[in-house]
Protein chains: 2
Amino acid sequence: MSEQSVMDEATYLQQYDPKQFDSPLVTVDAALFTYHDGVLKVLLVERASHPELGKWGLPGGFIDVHRVADLTQAINGVIEDKTGITAPYLEQLASYGNNQRDKRGWSVTVSYTALMAYQACEVRIATVADAQWVDVEQLPEMTLAFDHMTIIEAGRERLKQKALYSIVPAYALAEEFTFPELQHLHELLIGKPLQKRSFRRRIEQANLLEDTGKFRKDAGRPAILYRLAADAEQYRFVRNLED
Amino acid sequence: MSEQSVMDEATYLQQYDPKQFDSPLVTVDAALFTYHDGVLKVLLVERASHPELGKWGLPGGFIDVHRVADLTQAINGVIEDKTGITAPYLEQLASYGNNQRDKRGWSVTVSYTALMAYQACEVRIATVADAQWVDVEQLPEMTLAFDHMTIIEAGRERLKQKALYSIVPAYALAEEFTFPELQHLHELLIGKPLQKRSFRRRIEQANLLEDTGKFRKDAGRPAILYRLAADAEQYRFVRNLED
DNA sequence: TCAATATAGTGTCTTTATGTCACTAATATA
DNA sequence: TATATTAGTGACATAAAGACACTATATTGA
């Protein structure tokens, strides 16, 4: 029998040394998407320190165990630091952990997918010199830090699925938006054109949008401006759009 | 300018001390489900060490950075240790991290949902005295270690969704199984009876099962035994069953 | 002013997939 | 050999998406 088995919990905890075993490094990273100028964009930051200094990557950082109480606080801090606001949509994506992805050693990152309106953080991004919205179509030509390309691809895939059975992508738009805008964003995510009749019908039947009474005027007939209804984030259509 | 900004990466890495900052503890945990005697069961183990000694919880453990190369190896090691086999279905569920869940301090667990046949590990479980299949209906009366109850609930919810649009739950059955067995498992997960006509039709139309030519005989008409087709795990129905 | 163009939005029929339920099929048992 | 029991099918109803032509409302420029 070991000493430990006869020790009580209080004594065990008092004697516990968290550094007695080597532990992985732990970070959080955000794949933050928006929609602007007709394209899907992801927020990247230029790394100002080693390793992979100078490369672009996702906003993220180590868990500071003295400053945050949980993972959600940590990721919100990262996002607020770069954009100035809290993301209206935030969802945990996946965790990636191995002894290769970070040259400093065994590391785990807990990644998140987030969405926000371009306008909501436009000023801040312009002033934060190291942060930049990048058109996702330009990513193939870039070399990102760590496994951040993989995380972005996983985030896009998740958003594609959501575009098939929900209107979650609407969180990448301004608070007031039109059906054609939302549909185009879904088309970008899904990768094929959608039938506007089907797209509108299901959303209207489920009452997911509120009419603002306002219109967006461009070329052609003005489009009605809507905002998200209260429970729109949770709603899931029983049937997917064609993939 | 700091010293670091003029250092090259090799020098930085050489001087890097992973213990210079406090880091969370990192574990993996498996919510491993099976189907036996007409009920859904989850594998629990009795904790043999502090903290929460004596309580039951999910199979899991710390990442041993010297023995495993990635998270998948770590979770597979945990599952193989308790069951003797590799789980035929394994999917990352979510990560939970805060400074409350483990009394030893800030900790992160990367949780997984896994499925296996009861028969595949029956002998091993019987001999591993500290591991036990527990009917999920009995869980409300138990107090589990850490936040493991939350993880199990999240795993069940994930499986419920999968039951609505896939036949992934089939991995909780023996290699050869009948339609009535699979349907009953789906009914347990979804929490309501299903139309056998709808249930069979969609699976047959998608060619997700192979007829073994054998039958399971009980009371009444014998049922045809099937096995999963090669691509059954990936398949998603375009429409969900009624919830 | 008014035709041309462009984009938004609707009417309506078709297609696809699930829901419902009665019916037939194959076994064990009394 | 009738009955009970469970497996599996036929056939029509219903729900929701696909298709696509049509109407509506704006701008623009002869």
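All chains are named by letter (A, B, ...) in the order of the sequence lines, taking the proteins before the strands, and each is independently numbered beginning at 1.
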Participant: Are Arg239(A) and dA15(D) close enough that a side-chain N or O sits under 4.0 Å from OP1 or OP2?
Facilitator: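 So the side-chain polar atoms of Arg239(A) never come under 4.0 Å of the phosphate oxygens OP1 or OP2 of dA15(D).
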
Participant: Between Gln195(A) (CD) and dA16(D) (C1'), how many Å, whole number?
Facilitator: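 The distance from CD of Gln195(A) to C1' of dA16(D) comes to 14 Å, rounded to the nearest Å.
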
Participant: Whole angstroms only, please: what is the CG-C1' distance between Asp243(A) and dG18(D)?
Facilitator: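 The distance from CG of Asp243(A) to C1' of dG18(D) comes to 15 Å, rounded to the nearest Å.
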
Participant: For the residue pair Tyr35(B) and His184(B), categorise the inter-ring angle as parallel (less than 30°), tilted (30 to 60°) or perpendicular (more than 60°).
Facilitator: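 It falls in the perpendicular class, over 60°.
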
Participant: Under 4.0 Å, heavy atoms only, any strand: does Gln205(A) hit a base, just the sugar-phosphate, or nothing?
Facilitator: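 The answer is nothing, as Gln205(A) stays clear of every strand by at least 4.0 Å.
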
Participant: Measure distances between side-chain N and O atoms of Arg201(B) and base N and O atoms of dG10(D), and say whether any donor-acceptor pair falls under 3.5 Å.
Facilitator: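 There is none.
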
Participant: What class does the angle between the rings of His148(A) and Phe146(A) fall in, given that below 30° is parallel, 30 to 60° is tilted and above 60° is perpendicular?
Facilitator: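 The arrangement is tilted - the two ring planes meet at 30° to 60°.
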
Participant: Measure from CG on Leu182(B) to P on dA7(D) and round the result to the nearest Å.
Facilitator: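 After rounding, the reported distance stands at 13 Å.
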
Participant: Between Lys192(A) and Glu242(A), is there a side-chain N and carboxylate O pair less than 4.0 Å apart?
Facilitator: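 So Lys192(A) pairs with Glu242(A) through a salt bridge.
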
Participant: Does Glu204(B) or Ser198(A) map to a spot on DNA chain D nearer the 5' end, using the closest nucleotide for each?
Facilitator: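 On the 5' side of the pair lies Glu204(B).
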
Participant: Can you measure Glu242(B) atom CD to dT14(D) atom P for me and round it to whole angstrom units?
Facilitator: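 Going from CD in Glu242(B) over to P in dT14(D) covers 13 Å.
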
Participant: Cut-off 3.5 Å, side chains only: do Arg101(A) and Ser107(A) have a donor facing an acceptor?
Facilitator: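 Yes, a side-chain donor-acceptor pair sits under 3.5 Å.
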
Participant: CD1 of Ile203(B) versus C1' of dG8(D): gap in Å, rounded?
Facilitator: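 Between C1' of dG8(D) and CD1 of Ile203(B): 14 Å.
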
Participant: Side chains of Phe179(B) and Lys196(B): closer than 4.5 Å at any heavy-atom pair?
Facilitator: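 No, every pair of side-chain atoms sits at 4.5 Å or beyond.
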
Participant: Heavy atoms only: give me the nearest Val45(B)-Leu58(B) pair and the separation to one decimal.
Facilitator: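 In terms of heavy atoms, the two residues are closest at CG2-O, 3.9 Å.
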
Participant: Could you give the start and end, 5' to 3', of the contact zone on DNA chain C for chain A, using atoms under 4.0 Å from its heavy atoms?
Facilitator: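 Boundary nucleotides touching chain A, in 5' to 3' order, are dA6(C) to dT16(C).
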
Participant: Before you tell me yes or no, could you show the steps for Glu153(B) and Leu139(B) under side-chain contact (heavy atoms from CB on, under 4.5 Å), namely the whole-Å CA-CA distance, both residues' side-chain angles and the distance that decides it to 0.1 Å?
Facilitator: CA-CA 10 Å; Glu153(B) 282 164 8; Leu139(B) 290 173; over 6 Å; no

Participant: Rounded to the nearest Å, what distance is computed from the CG atom of residue Leu194(A) to the C1' atom of nucleotide dA16(D)?
Facilitator: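 Going from CG in Leu194(A) over to C1' in dA16(D) covers 15 Å.
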
Participant: For Asn240(B) and dA16(D), give me the distance from atom CG to atom C1', rounded to whole Å.
Facilitator: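 Going from Asn240(B) (CG) to dA16(D) (C1'), I get 13 Å.
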
Participant: Using 30° and 60° as the class limits, which term best fits the ring planes of Phe199(A) and His186(A): parallel, tilted or perpendicular?
Facilitator: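 Phe199(A) and His186(A): perpendicular rings.
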
Participant: Got a salt bridge between Glu175(A) and Arg227(A), using NZ or NE/NH1/NH2 to carboxylate O under 4.0 Å?
Facilitator: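 Judged by the 4.0 Å cut-off on N to carboxylate O distance, Glu175(A) and Arg227(A) do not form a salt bridge.
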
Participant: Report, as a single string ordered 5' to 3', how protein heavy atoms within less than 4.0 Å touch nucleotides 21-30 of chain D: B base, S sugar-phosphate only, - not at all.
Facilitator: ---BBB----

